[in-house]
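These numbers were taken from a predicted model, which means no experiment stands behind them.
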Amino acid sequence: MKTSISPTSPTVTSATTKADSLLSHAKDYFPAILAGMIAVLISYAGPMLLMLQAAQAAHLSDALSSSWLWAVSIGSGLCGILLSYRYQIPVICAWNTPGAALLVSSLVTVSYHDAIGAYLVAGALTCFIGLTGAFQKIMAAIPKSVCSAMLAGILFRFGVEVFANARSEVAGAPILTAILFIAYLIFKRQTSRYAIVLTLFTGVILSMVCGWGQSTAISGAHSPNWWSLSLTTPVWTMPTWTLSSTVSIGLPLALLCLTGQQVPGVAVLRAAGFEKAPVSQLISATGAASCLLAPFGSHGINLAAITAAICTGPEAHHEANKRWIAGIACGIFYVIIGCFAGSLKGLFLLLPHALVTTVAGLALMGAIQNGLSQAMALAEEREAALITFIVTASNITVLGLGSACWGISLGLLSYVVLKPRKIQDNTAVTQSPIR
């Protein structure tokens, strides 16, 4: 005798409830997952090029350059996953982009073994500064308006690049940018949560179908061979230490990591409302990861700034306490791509520049707006914040230090010099006799 299950039986009802619950969670977290995907896409389509340039300049073998990409990808991914889950906040990690720019010229002056030793020194210094709590104390002393202005200045050029594509000489790039901008406005009005995702899909389809934005300068040698897709094998390099490599690479890497990446990374979290983020733990953890992966080629793992702004804002999730899912998703995508980094590195070079910069700029609009509004919130701090913003947005490099470092330095100087004077002026007005 066969037993039939009624559609209204408890078993079927329970299964249906679980399915509905899973579908509801998937729909709820979908924007956060896609925010993590877009962040990874931007990381590989832009900053990765600096590492490839440095590897070519130093004449590194394909195995060593692939191991380098593997190390920074796995390190960024695992740090993001573990820290996001541990602290329930969207911790987005990445590699040291200003440091990669430094290595384009510095890596040719030392042996690769000495460079690995310098990477270890930089990672150890970062970890030590995080463990001592000094970095958290410094960040707590910096006014929020100055941090927000620095963040807005860093992201400002990405917003400008959206419209700078109008003068691109690449065939179809201006048309692609214009259509994406109009599509973004339409999607933003209809469904704010999915505006960036739909804009990205629109750009990919237009680029594939119409060929807009595709540069003919990209060699076919960069094209990924899908039939030979294979796991990347990490290569261990024994580190050696010399004073010259420590001074020319190790110390500058640590300084660029702290000023050009960690400070903006913490500023992103603070601007998004995560002011209680455990700064010391985040800095020390990324420093420790840098040390562990340095022998495989990693020049530094740190908090992300630009891509973090995509995953920490309301675009990732309208509820702040659920945005940590974006950190998990971003980390997973990093690990997956990192495992095949050697085979896939050519794929990201084929993405149209106009598509990447337009989607990145539009995705960062909310973060730029939030940074500017917080920077100008207090009247007595506006001038210092404005100076910070202008210097940071200038994208200058002086004495090897980037605009973010100079922006926050001159902003703090302006804050210290101007704020006491205004307090004295207010006191004088208060104490003056009424006539």
For side-chain hydrogen bond (donor to acceptor under 3.5 Å, both in side chains), just list the numbers for T286 and N302, CA-CA rounded to whole Å, side-chain angles, deciding distance to a tenth of an Å, and then say yes or no. CA-CA 5 Å; T286 53; N302 42 244; over 6 Å; no
Should W68 and M51 be marked as a side-chain contact (heavy atoms from CB on, under 4.5 Å) after you check the CA-CA gap, both sets of side-chain angles, and the distance that decides it? CA-CA 8 Å; W68 186 357; M51 290 190 295; 3.6 Å; yes
Please report the C-alpha distance between F340 and L231 in whole Å, then the side-chain angles of each, then the deciding distance to 0.1 Å, and finally whether the side-chain contact (heavy atoms from CB on, under 4.5 Å) criterion is met. CA-CA 5 Å; F340 301 94; L231 291 171; 3.6 Å; yes
Evaluate the criterion side-chain contact (heavy atoms from CB on, under 4.5 Å) for residue pair L255 and L251; output intermediate values, then yes/no. CA-CA 6 Å; L255 182 61; L251 297 181; over 6 Å; no
side-chain contact (heavy atoms from CB on, under 4.5 Å) between R86 and Q281, worked out: CA-CA 11 Å; R86 171 65 179 84; Q281 289 86 335; over 6 Å; no
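For the pair T132 (side chain) and I129 (backbone), a donor-acceptor distance under 3.5 Å is present. Not one N or O on the side chain of S67 forms a donor-acceptor pair closer than 3.5 Å with the backbone of A63. In this structure, the side chain of S73 does not engage the main chain of G338 through any donor-acceptor pair within 3.5 Å. Of the possible donor and acceptor atoms, none in the side chain of Q88 sits under 3.5 Å from a partner among the backbone N and O of N321. At distances below 3.5 Å, at least one donor-acceptor pair connects side-chain atoms of S394 with backbone N or O atoms of V391. The main-chain N or O of T392 is found under 3.5 Å from a side-chain atom of S403 such that the two form a donor-acceptor pair. Side chain of W236 to main chain of F296: no donor-acceptor pair is present (N/O by atom type, distance under 3.5 Å, no hydrogens or angles). In this structure, S65 contributes its side chain and D62 its backbone to a donor-acceptor pair below 3.5 Å.
Between the side chains of T357 and N165, at least one donor N or O lies within less than 3.5 Å of an accepting N or O. S245 and T242 form a side-chain donor-acceptor contact under 3.5 Å, judged by distance and modelled atom types alone.
With a 4.5 Å cut-off on side-chain heavy atoms, E381 and M376 do not count as touching. Side-chain contact between S290 and I301 is present, with heavy atoms from C-beta onward closer than 4.5 Å. Put simply, the side chain of S373 reaches to within 4.5 Å of the side chain of N370, judged on heavy atoms. P314 places a side-chain heavy atom less than 4.5 Å from the side chain of R323. W212 is not listed as a side-chain neighbour of S207, based on a closest heavy-atom distance of 4.5 Å or more. You'll find the side chain of P143 reaches within 4.5 Å of the side chain of L412, heavy atoms only. Taking the side chain as every heavy atom from C-beta outward, C257 and N96 approach each other to under 4.5 Å. Contact of the C93 side chain with the Y334 side chain is not registered, since no non-hydrogen atoms from C-beta on lie closer than 4.5 Å.
Across A304 and A94, no two heavy atoms sit closer than the pair CB-CB, 3.8 Å. The two residues A309 and L155 make their nearest non-hydrogen contact at CB-CD1, 3.9 Å. Shortest non-hydrogen contact noted between A267 and L151 is O-CD2, 4.2 Å. When all heavy atoms are compared, the tightest approach of C330 to I92 is SG-CG2, 3.9 Å. Nearest heavy atoms, T232 versus A341: OG1-N, 3.2 Å. The two atoms that bring S284 and C127 nearest to each other are O-SG, 3.5 Å, heavy atoms only.
To the nearest 0.5 angstrom, L410 atom CG is 11.5 Å from I390 atom CD1. Atom CD1 of I249 sits about 9.0 Å away from atom OG1 of T246, to the nearest 0.5 Å. Separation of atoms CG (L41) and CG (L355) is listed at 7.5 Å; rounding is to 0.5 Å. Within the model, atoms SG of C311 and CD1 of I33 stand 11.5 Å from one another, a figure rounded to the nearest 0.5 Å. One finds the CZ atom of F187 at 10.5 Å from the CD1 atom of I196 (value rounded to the nearest 0.5 Å). In this structure, CD on E319 lies 6.5 Å from CG on D28, to the nearest 0.5 angstrom.
Aromatic ring orientation, H317 versus Y29: tilted (interplanar angle from 30° to 60°).
Here W95 and Y44 bring their ring centres to under 6.0 angstrom of each other.
Shown here is E275, whose CD atom has more than 12 heavy atoms of other residues, nucleotides or ligands within 6.0 Å. Atom OH of Y87 has more than 12 neighbouring heavy atoms from other residues, nucleotides or ligands inside a 6.0 Å radius.
By the ring-ring contact (aromatic ring centres under 6.0 Å, His included) test, F333 is found to be paired with no residue, residues two or more places apart in sequence or in another chain being considered. Checked against side chain to side chain donor-acceptor pair (under 3.5 Å), S280 has the following partners two or more places apart in sequence or in another chain: Q136.
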